[in-house]
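Contents: one structure, followed by commentary.
Keep in mind the model is a prediction, meaning the values are calculated, not measured.
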Amino acid sequence: MTLSPLAVSVLTWQGLTGGDDPLNREATWNHGFSSSAAYFSFFKKLNNARRKAIISYPAFFKSLLKIHLLNTHTVGISKAPFLTILSNVGSRSPPVVLHIGNDKTGYRPSMPVIDILSGHVYATDPQGSLTVVIIAGEPRVFLPLSIYRSQGIVPKESWLAGLQVNTDLATLNAVGSKSPPSAHRKNNSIGRGRMFGFFGSKK
C-alpha cells in the first residue's frame, strides 16, 4: 500500500490554489511549510489511522475492499478495519442520516467506532449496523475505537463481524496472531483520489 502518488500536490496541502503559469508551479518554500493547514491535518489523520490499522491488524493489506452504493449520492467503502462514507452532495446540503446495514459495516454488534476525521464516537447497534449523520457532505472514515486507542495487535474477534469470540485469552492471542487467507483485492474504481489512494496497494 502506498501513499504516493496521490492526486493532491504539496502545494494543495499548503492551501495554495494555483492558477495560470507560473502560479500553478510556485515554490512551496516561498510560503513556508505550515503543519496547521487543513489538508496537512487531513492527511495526517489518515496516515496516523492507517498506521494504527497496520499495527493492530496485520491482515490489513490482504483485506478485501468492497464498495457499497448507499444511495444515489453516497457510497460506503469497507476495507477492514476501515469503513469510509463518501458523497457528492456538496457542502451546502442539509444533514443526511444514513443507516448502514451490518452486511456493509463489517463490524461486530454493540461496539464503539470513531470517525477519525471529526473525532466523534459512534456505536454499532445490536445487529452490527451503524447509523451516522452526514453534515455538509463531509466524508466519514470509521475505525474501531479499540484499534484507534491501541499500540499493538487487537484480536480481530473483538471487532470483525462473523468471527466467534473466544474468552480464553491464550487461545485468543494465538488466533489473533494468524493472518486470514489472501483475498482478491479489487482495483480502485471511483474518483476522489485523495481518499482511495489511502486504501490502495502495499507500501
Item to complete: Mind listing the closest non-hydrogen atom pair of Ser56 and Gly152 along with its distance?
Response: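 Closest heavy-atom pair between Ser56 and Gly152: OG-O, 3.1 Å.
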
Worksheet item: Any idea which heavy atoms bring Pro126 and Pro109 closest together, and the distance?
Response: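 Smallest interatomic distance, heavy atoms only, reads O-CB, 3.0 Å.
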
Worksheet item: What salt bridge (charged side-chain N to carboxylate O under 4.0 Å, His left out) pairs are there with at least one residue in residues 111-122, not counting sequence neighbours?
Response: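 Listed by first then second residue: Asp115-Arg140.
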
Practice prompt. Return each pair, listed once, that meets salt bridge (charged side-chain N to carboxylate O under 4.0 Å, His left out) where at least one residue sits in residues 87-99; pairs must be two or more places apart or across chains.
Written response: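 Every candidate salt bridge (charged side-chain N to carboxylate O under 4.0 Å, His left out) pair involving residues 87-99 fails, so no pair, neighbours aside, qualifies.
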
If the condition is side chain to side chain contact (heavy atoms under 4.5 Å, CB included), which residues does [X] pass it with, not counting sequence neighbours?
{"X": "Leu98", "answer": "Leu70, Asn71, Thr74, Ile85, Val96, Val132, Ile134"}
{"X": "His99", "answer": "Asp125, Ser129, Thr131"}
{"X": "Ser78", "answer": "Lys66, His68, Leu83"}

Worksheet entry | Axial cation check for Phe60 ring with Lys79, 6.0 Å and 45° limits |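 Positive - Lys79 is close enough to the ring of Phe60 and near enough to its axis.
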
Worksheet item: Does any non-hydrogen side-chain atom of Leu130 lie less than 4.5 Å from one of Tyr122?
Response: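 Side chain of Tyr122 against side chain of Leu130, heavy atoms only: contact under 4.5 Å found.
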
For the atom pair [atom1] ([X]) and [atom2] ([Y]), what is the distance rounded to the nearest 0.5 Å?
{"X": "Phe142", "Y": "Phe82", "atom1": "CZ", "atom2": "CZ", "value": "12.5 Å"}
{"X": "Leu46", "Y": "Leu117", "atom1": "CG", "atom2": "CG", "value": "5.5 Å"}
{"X": "Lys45", "Y": "Ser118", "atom1": "NZ", "atom2": "OG", "value": "7.5 Å"}
{"X": "His73", "Y": "Ser93", "atom1": "NE2", "atom2": "OG", "value": "9.5 Å"}
{"X": "Leu69", "Y": "Ile67", "atom1": "CG", "atom2": "CD1", "value": "10.5 Å"}
{"X": "Trp159", "Y": "Arg108", "atom1": "CH2", "atom2": "CZ", "value": "11.0 Å"}

Discussion item. Applying side-chain hydrogen bond (donor to acceptor under 3.5 Å, both in side chains), can you list everything that pairs with Asn102, at least two apart in sequence or on another chain?
Written reply: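 Result, side-chain hydrogen bond (donor to acceptor under 3.5 Å, both in side chains) vs Asn102: none returned.
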
